[in-house]
Amino acid sequence: MSTPQPVRGTRDLIGEEARRHFHVIETARRVAALYGYDEWSTPIFEETGVFARGLGDTSDVVTKEMYTFTDRGGDSLTLRPEATAGVCRALVSNGLTQSLPQKIFYAGPMFRYERPQKGRYRQFHQIDIEVLGSDSPLADAEVIACGWHILQELGVAQDTVLELNTLGDKTSRDAYRAALVSYFLGHKDELSEDSIARLERNPLRVVDSKDEGDRRIVAHAPTIDGCLTEPAYAFFEKLQEHLARFGVPFRRNPRIVRGLDYYSHTAFEFVTTRLGAQGTVMGGGRYEGLVEEMGGPHTPCIGWAAGIERLSMLMAAAPPAPASVAIIPVGDAAEAAALDIAQSLRAAGIRAEMAYRGNLKRRMERANRTGARAAIILGESEIAGGLVQLKDLVSGEQAAVPVAELVRRLK
RNA sequence: GCGGACGUAGCUCAGCUGGUAGAGCGCCAGGUUGUGGUCUUGGAUGUCACGGGUUCGAGCCCCGUCGUUCGCCCCA
């Protein structure tokens, strides 16, 4: 194959797939606006430090999975692997830490150097909302409710389940980590190799292991509940109350964990069984240290991100492209009149198309193929009488109609 | 980074124990020079993913590469 192909892990969005993709974004944008979120857009690449900061050196993430390059000025830059870090950076860069909270909606491409799988690409697209600068559990509940609302509007809510957990505050989490490490060390001989490695690097992740043997051990591992401080417990209780009021059903899943230090309290995922190994459709939680990492003040935040590709796959069908009206002149003399009609329909908000060339038969074929709802046919005799032939392409009925009445007939 | 499956026309796929490439759909043109969808007649299209090897001969067998896909690892 010598013709250029899209590079590994990237793909073209055309036709049905494009319509699905943009339908997800438009739906999310509309619903987020109902909840009072403003849309932001930040650069697609940042100084590498914006993403590397706060990730620590615990995982493969920084070393293996970022698209990092040196530009001509010698600076290390990285294609954003997620939206949140850039949003937090923008908050600080623009002095908005003085006007909190900020409620942000975001949509755009992200980049991770990973092995492509179903619903996992190197250039992928996310919708994302964040509330920056609120420590109220009401913010958590609203963020989740907004996500749930979007899933409902997309028609995928019935295929997903909200799984909810709390990581508690720092004191709770430190206690939990210590409890886990001591429990797993007691079962070290029974753990998989992968999990023994996790125990060193990122003990919370053992809880998330897919290995059968590990799962049996994890089933009896201590849960966060026994380690929660009083305020952390109260926060989680309040969140669940609010969610009930918002009418969002959820299931407690103590296995949802987050490895990085700046996560706290709420952690959640909307999951589905319909996408193989990539079951998470929308995931998020509370984080408290990221804005500080960008040089701002301590700022508690809550948000989620959802993969547009995965949502598109779950969606039954994209709404069809709007049907247009095909304007078909017969003979060169009719073309000018046809253009005038096209412009008058468009001015009235009616989608209208005129082919650039072709005889009547070909233009009719094209009108049919593109799903036009009606054809307007005009030749010399029609022009002379101020009429056109208006043909309904669904019913096949055709009648002579005065030009002046077209907009009213097609509205 | 690791493992399995797959790669033939624009699309979906067939192709026998190795003998030199096919179907359906779509596309183009005619039947119909002012009427689409249905019907009908005809037509075009392939470096058989790429590179090497075995063979008189490779779409088919062997090796490598690339890509797709499913899973593992990872998942900010």
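As the structure is a prediction and not an experimental result, all values here were calculated from the model. What you see below is based on every heavy atom in this structure, not just the backbone, and it leaves out hydrogens, waters and symmetry mates. Letters A, B, ... are given to chains in the order of the sequence lines, protein chains preceding strands, and every chain is numbered from 1.
Here A:Arg363 does not reach the OP1 or OP2 of B:rG34: none of its side-chain N or O atoms lies under 4.0 Å away. Remark: A:Arg115 is not in phosphate contact with B:rG71, judged by side-chain N or O atoms under 4.0 Å from OP1 or OP2. Contact annotation: A:Lys361 side-chain N/O to B:rU35 OP1/OP2 distance is not under 4.0 Å. Applying the 4.0 Å criterion to OP1 and OP2 of B:rC72, one finds that A:Lys210 has a side-chain N or O inside that range.
Between A:Asp211 and A:Arg198 there is no salt bridge, since none of the side-chain N atoms of the basic residue sits less than 4.0 Å from a carboxylate O of the acidic one. Classification of A:Arg89 and A:Glu82 as a salt-bridged pair fails, no side-chain N sitting under 4.0 Å from a carboxylate O. No salt bridge links A:Glu288 with A:Lys170; every basic N to acidic carboxylate O contact stays at or beyond 4.0 Å. Here A:Arg216 does not pair with A:Glu190 in a salt bridge; the nearest charged N to carboxylate O distance is not below 4.0 Å.
Checking B:rG36, B:rA76, B:rG67 against the side-chain heavy atoms of A:Met66 singles out B:rA76 as nearest. Listed candidates were B:rU35, B:rA76, B:rC75. Nearest to the side chain of A:Asn202 is B:rC75. Out of B:rU35, B:rG36, B:rC73, the shortest distance to the side chain of A:Arg120 is found at B:rC73. Closest to the A:Arg205 side chain, of the nucleotides B:rC27, B:rG71, B:rC75, is B:rC75. Checking B:rC74, B:rG37, B:rU35 against the side-chain heavy atoms of A:Gln389 singles out B:rU35 as nearest. If you check B:rG71, B:rU35, B:rC75 against the side chain of A:Arg112, the one that comes closest is B:rC75.
A:Thr27 and A:Glu153 share no side-chain donor-acceptor pair at under 3.5 Å.
A straight line from CG of A:Leu275 to P of B:rU69 spans 14 Å, rounded to a whole angstrom. Rounded to whole Å, the distance from CD on A:Glu114 to C1' on B:rG1 is 12 Å. To the nearest angstrom, C1' of B:rA76 lies 11 Å from OH of A:Tyr287. B:rU33 atom P lies 17 Å from atom CD1 of A:Ile328, rounded to whole Å.
Between B:rU8 and B:rG67, the distance separating the two C1' atoms is 15 Å to the nearest Å. Look at the P atom in both B:rC70 and B:rU12: the space between them is 15 Å, to the nearest Å. Rounded to a whole angstrom, the distance from the C1' atom of B:rG43 to that of B:rA9 is 15 Å.
Among the atoms of the strands shown, none is found under 4.0 Å from any heavy atom of A:Gly331.
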